[in-house]
Amino acid sequence: MADRNDELFAGRAAKAARLRSLGIEPYPITTARSHTTAEAVSALEQAEAAGEAAGPEVAIAGRITALRDQGRLTFLDLRDGSGRIQVMLRANTLGAESYALLKQFDLGDFMRVTGTLIRTRTGEPTVQASSFSMLAKALQPPPEKYHGLTDVEQRYRRRYLDLIANDEVRRIFRVRSQVVAAMRRFLDGRGFIEVETPVLVAESGGAAARPFKTFFNALSEERSLRIATELHLKRLIVGGLDKVYEIGRIFRNEGISTKHNPEFTMLESYEAYADYRDVAEMVEQMVAGIALEVFGAMMLPYKGGSIDFTPPWQRRTMRELLIEHGGLDFEHFRSEEAMRAELRRRGIDAPAAAPWGKLLDEAWSTLVEPKLIQPVFVLDYPVELSPLAKQKPDDSSLVERFEAFAGGFEIANAYSELNDPLEQRRRFEEQLRQRDRGDDEAELVDEDFLFALEHGMPPTGGLGMGIDRLMMVLADQASIREVILFPQMRAERPHSAQGHDD
RNA sequence: GCGCCCGUAGCUCAACGGUAGAGCAGUGGACUUUUAAUCCAUUGGUUGUAGGUUCGAAUCCUACCGGGCGCACCA
């Protein structure tokens, strides 16, 4: 019972109690500060630029991340959301009684310091303290200061410790926020409006995926969590909103991998009077613009090489790339039997029940996808794989669809949206036949969506883009868990915080 | 679901089948310009869990729990 962590906890709790016994609240309300740590550093630089020896008086606050006790002189580092700054505390300027209170401060505690901005002998920007106080006592010890927290499970389960310990992790999630903000600015600037559509839906549609299911007590009905926003956003195009987008959480009841988290964030946009060529132009402008705005360049490092997002990106057909990278021309294997035999000959295994389109997809993801490092739009997919996309006018076996690839995997998917209600009904019915064959991810017939289409939907270009995957490519991360703050994991058996013993 | 690998102190890591150790953190002490501070001393372990093999198991075997990677599933 009395393990090590209990002792560390008890020691810190005792310090909090000692402060209280001295009439000092270890969790006070007041936090007033005049500068963030970053503002304090620049205030010092400005004063120096004006020829002054020292900066102004400041009040700063932050977490103690380093503590260097030298007897009657102590240095410590305070970190807040803006950065860090060194604090120097001297016994003779603070007085022996006040200085002695430092003994009750530990790594991880939050502290407020007032004092003058100076530079130490080594040139380090420093607050020379004239007073200090506790803002919040930490009862658990922080991770090791040099190596940080490296245990991957702990990093994901206790992301707060990961964020405390690892600068790079903090940077990635700041960048993620900037990427999403830049995306909104881009779309808003093009006249799109941001909308919100239901997460809880009666039937999940708009993508090939299994849903999570839940129960709506008040209505005594089943609900699914959405697997896409597509069918609702198209209803808004029917309604005349013309340019809509949603950045939202999507849920797919499927496996977890370095490229898959069961809940992930997707941008979907729909633009009336546009087709998939217009959408491609928008995507390359948007991604290149985000790269430039957030990272300051269109060429970004990736897995030891680099990716150049400068528009225009290459446009290639799926057939060309399959021939080029895999020596496979699907026109020679148009039947399911022929395609299956060809895959078997190449040692690519595919699910037994897979129809032709799935087999092709299998060949594609094995032979071509990993090689598409530089951004490329892959055009003209087989109609079998795309029940919501419009056929090409000159070849009804293909649809007006592209997928954008970068970094070796898909980052976006777009169509000239199918707006012929009768053809859409036939496609849904074909999906039903797939479902009867055992494909439980085939689309369900959404009668209200068809009813909406029957009222007329203008020609529309639609886009889906995985924000998490885009982040992986932009921030050069090999696992989707590195760009999701709290990735899904098996539930941990309860391991309680301390201090409420029973 | 399958395969491979991993699980040792709060954290980062050691330990030919033969007494579980180091650094950081903690505790006590020294130190008024340090910044992975330094120096002296020191506390801390049901080696993920449960079995098994063995004179002897952190180490070998089995099952389970948790995780990573790959495959499968899946955009």
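Just so it is clear, the values below take in all heavy atoms, side chains as well, and ignore hydrogens, waters and symmetry mates. Proteins get letters first, then strands, A, B, ... in listed order; numbering begins at 1 in each.
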Peer 1: Within the structure, does a side-chain N or O atom of Arg68(A) lie under 4.0 Å from either OP1 or OP2 of U38(B)?
Peer 2: no
Peer 1: Using the C1' atom on both, measure U27(B) against G10(B) and round to a whole Å.
Peer 2: 14 Å
Peer 1: What nucleic acid atoms does Gly255(A) come within less than 4.0 Å of, heavy atoms only: base, sugar-phosphate, or nothing?
Peer 2: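 Result for Gly255(A) = base.
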Peer 1: Does Asn92(A) contact U32(B) through a side-chain donor or acceptor facing the base, at a distance under 3.5 Å?
Peer 2: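 Result: at least one qualifying N/O pair found.
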Peer 1: Roughly how far apart, to the nearest Å, are G67(B) and G26(B) at atom P?
Peer 2: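 Rounded to whole Å, the distance is 32 Å.
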Peer 1: With RNA chain B as reference, determine whether Gly11(A) or Ser257(A) sits nearer its 5' end, using the nearest nucleotide of each.
Peer 2: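 Looking at RNA chain B, the more 5' nearest nucleotide goes with Gly11(A).
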Peer 1: Could you check whether Arg79(A) gets within reach of a base, just the sugar-phosphate, or nothing at all, counting any heavy atom under 4.0 Å?
Peer 2: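 It contacts nothing in the nucleic acid.
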Peer 1: Does OP1 or OP2 of C69(B) have a side-chain N or O of Arg481(A) closer than 4.0 Å?
Peer 2: yes
Peer 1: Output the single nucleotide from U12(B), C73(B), G10(B) whose closest atom is nearest the side chain of His260(A).
Peer 2: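 Of all the options, the side chain of His260(A) is nearest to C73(B).
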Peer 1: Would you measure the distance from the C1' atom in A14(B) across to the matching atom in A20(B) and give it in whole Å?
Peer 2: 10 Å
Peer 1: What's the NZ-P distance between Lys259(A) and G68(B), to the nearest Å?
Peer 2: 16 Å
Peer 1: What integer distance in Å separates Asp151(A):CG from C5(B):C1'?
Peer 2: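 In whole Å, C5(B) C1' lies 14 Å from Asp151(A) CG.
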Peer 1: Salt-bridged, Glu48(A) to Arg119(A), with N to O below 4.0 Å?
Peer 2: yes
Peer 1: What is the distance from CG of Leu78(A) to P of U34(B), rounded to the nearest Å?
Peer 2: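 For the pair Leu78(A) CG and U34(B) P, the rounded distance is 19 Å.
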Peer 1: When the P atoms of C2(B) and A57(B) are compared, how many Å lie between them, rounded to an integer?
Peer 2: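 Each nucleotide's P atom is 31 Å from the other's.
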Peer 1: With respect to the side chain of Ala66(A), which nucleotide from U32(B), A37(B), G26(B) is positioned closest?
Peer 2: A37(B)
Peer 1: Could you tell me if Arg401(A) sits above the aromatic ring of Tyr415(A), with its cationic atom closer than 6.0 Å to the ring centre and no more than 45 degrees from the axis?
Peer 2: no
Peer 1: Could you identify the nucleotide paired to C69(B), looking across every strand shown and requiring Watson-Crick or G-U wobble geometry with both distances under 3.5 Å?
Peer 2: G3(B)
Peer 1: Can you tell me the base-pairing partner of U38(B)? Count Watson-Crick or G-U wobble geometry only, both distances below 3.5 Å, and say none if there is no partner.
Peer 2: A30(B)
Peer 1: For the C1' atoms, the ones on G23(B) and on C71(B), what distance do you get once it is rounded to whole angstrom?
Peer 2: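 Going atom to atom, C1' in each nucleotide, I get 39 Å.
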Peer 1: Would you indicate what Met88(A) reaches in the nucleic acid, counting non-hydrogen atoms under 4.0 angstrom: base, sugar-phosphate, or nothing?
Peer 2: base
Peer 1: Base of U34(B), side chain of Gln86(A) - is there a donor-acceptor contact under 3.5 Å?
Peer 2: yes
Peer 1: I want to verify a distance call: between C13(B), A72(B), C31(B), whose nearest atom is closest to the Thr150(A) side chain?
Peer 2: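 Nucleotide nearest to Thr150(A)'s side chain: C13(B).
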Peer 1: Heavy atoms under 4.0 Å, any strand shown: does Ala207(A) hit a base, just sugar-phosphate, or nothing?
Peer 2: nothing
Peer 1: One thing to verify: whether Lys390(A) and Glu400(A) come together as a salt bridge, which I'm taking to mean a side-chain N less than 4.0 angstrom from a carboxylate O.
Peer 2: no
Peer 1: To the nearest angstrom, how far is Asp77(A) atom CG from U33(B) atom C1'?
Peer 2: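 Asp77(A) atom CG is separated from U33(B) atom C1' by 14 Å.
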Peer 1: Is the shortest distance from a Lys or Arg side-chain nitrogen in Arg435(A) or Glu443(A) to a carboxylate oxygen in the other one below 4.0 Å?
Peer 2: no
Peer 1: Could you check which of C69(B), A25(B), U33(B) has an atom nearest any side-chain atom of Thr258(A)?
Peer 2: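 Closest nucleotide among those given: C69(B).
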Peer 1: What is the distance, rounded to the nearest whole Å, between atom CD of Gln154(A) and atom C1' of C6(B)?
Peer 2: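 One finds 14 Å between C1' of C6(B) and CD of Gln154(A), rounded.
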Peer 1: Atom CZ of Arg157(A) and atom C1' of G66(B): how far apart are they, to the nearest Å?
Peer 2: 7 Å
Peer 1: Between G18(B) and C13(B), how far apart are the C1' atoms? Round to whole Å, please.
Peer 2: 23 Å
Peer 1: Which one is paired to U47(B), where only Watson-Crick or G-U wobble pairs with both distances under 3.5 angstrom count?
Peer 2: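 Partner of U47(B): none found under 3.5 Å.
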Peer 1: Please state whether the phosphate of G66(B), meaning OP1 or OP2, lies under 4.0 angstrom from any side-chain nitrogen or oxygen of Arg490(A).
Peer 2: yes
Peer 1: Test: side-chain hydrogen bond (donor to acceptor under 3.5 Å, both in side chains). Region: residues 460-477 of chain A. Which pairs qualify, not counting sequence neighbours?
Peer 2: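 Listed by first then second residue: Arg176(A)-Asp468(A).
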Peer 1: When we call it a touch if two heavy atoms are under 4.0 Å apart, what does Gly466(A) touch: a base, just sugar-phosphate, or nothing?
Peer 2: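 Counting heavy atoms under 4.0 Å across all strands, no contact is made by Gly466(A).
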Peer 1: Would you mind classifying the nucleic acid contact of Lys15(A) as base, sugar-phosphate or nothing, using non-hydrogen atoms under 4.0 angstrom?
Peer 2: sugar-phosphate
Peer 1: Look at all strands and tell whether Arg252(A) reaches a base, only sugar-phosphate, or nothing, counting heavy atoms closer than 4.0 Å.
Peer 2: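 Here Arg252(A) touches the backbone only, sparing every base.
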Peer 1: Give a yes/no answer on whether the side chain of Thr126(A) brings an N or O atom under 4.0 Å of OP1 or OP2 in U34(B).
Peer 2: no
Peer 1: Expressed in whole Å, how much space separates the P atoms belonging to G56(B) and U19(B)?
Peer 2: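 Looking at atom P only, G56(B) and U19(B) are 15 Å apart.
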Peer 1: Is the phosphate of C11(B) approached by Lys145(A) (side-chain N or O, under 4.0 Å from OP1 or OP2)?
Peer 2: no
Peer 1: Salt bridge or not for Asp436(A) and Arg433(A), using N-O below 4.0 Å?
Peer 2: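 Result for this pair is no, no salt bridge flagged.
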Peer 1: May I ask you to evaluate whether Arg210(A) reaches the phosphate of C74(B), defined as a side-chain N or O under 4.0 Å from OP1 or OP2?
Peer 2: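 No, outside the criterion.
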Peer 1: Under 4.0 Å between a side-chain nitrogen and a carboxylate oxygen: does that hold for Asp162(A) and Arg170(A)?
Peer 2: no
Peer 1: Taking only the side-chain heavy atoms of Arg121(A) (C-beta and beyond), determine which of G26(B), U33(B), A36(B) contains the nearest atom.
Peer 2: U33(B)
Peer 1: Taking atom P in both G48(B) and U12(B), compute the distance separating them and give it to the nearest angstrom.
Peer 2: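 That atom pair is separated by 15 Å.
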Peer 1: Would you mind reading off the distance between Gln104(A) atom CD and G26(B) atom C1', rounded to a whole angstrom?
Peer 2: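 Nearest whole value for this atom pair: 14 Å.
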Peer 1: Check whether any side-chain nitrogen or oxygen of Thr74(A) sits under 4.0 Å from OP1 or OP2 of U34(B), and answer yes or no.
Peer 2: no
Peer 1: Using a cut-off of strictly less than 4.0 Å, decide whether Thr120(A) has a side-chain nitrogen or oxygen near OP1 or OP2 of U34(B).
Peer 2: no
Peer 1: Decide yes or no, distance alone: a donor-acceptor N/O pair under 3.5 angstrom between the base of C11(B) and the side-chain of His147(A).
Peer 2: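 Such a pair does not exist between side chain and base.
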Peer 1: For residues 56-111 of chain A, pull every pair meeting ring-ring contact (aromatic ring centres under 6.0 Å, His included), keeping only residues two or more places apart or in separate chains.
Peer 2: Phe105(A)-Phe132(A)
Peer 1: Pro141(A) or Phe75(A): which one's nearest nucleotide on RNA chain B is closer to the 5' end?
Peer 2: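 Its nucleotide being nearer the 5' end, the pick is Pro141(A).
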Peer 1: With a 4.0 Å cut-off on N to O distance, would you call Arg63(A) and Asp77(A) a salt bridge?
Peer 2: no
Peer 1: In whole angstroms, how far is the P atom of U34(B) from the CZ atom of Arg72(A)?
Peer 2: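 That distance rounds to 17 Å.
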Peer 1: Just to be sure I understand the rule, does Glu144(A) reach a base, reach only the sugar-phosphate, or reach nothing, if contact means heavy atoms closer than 4.0 Å?
Peer 2: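 Base contact - Glu144(A) has a heavy atom under 4.0 Å of at least one base atom.
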Peer 1: Who is the Watson-Crick or G-U wobble partner of C55(B), with both distances under 3.5 Å?
Peer 2: G18(B)
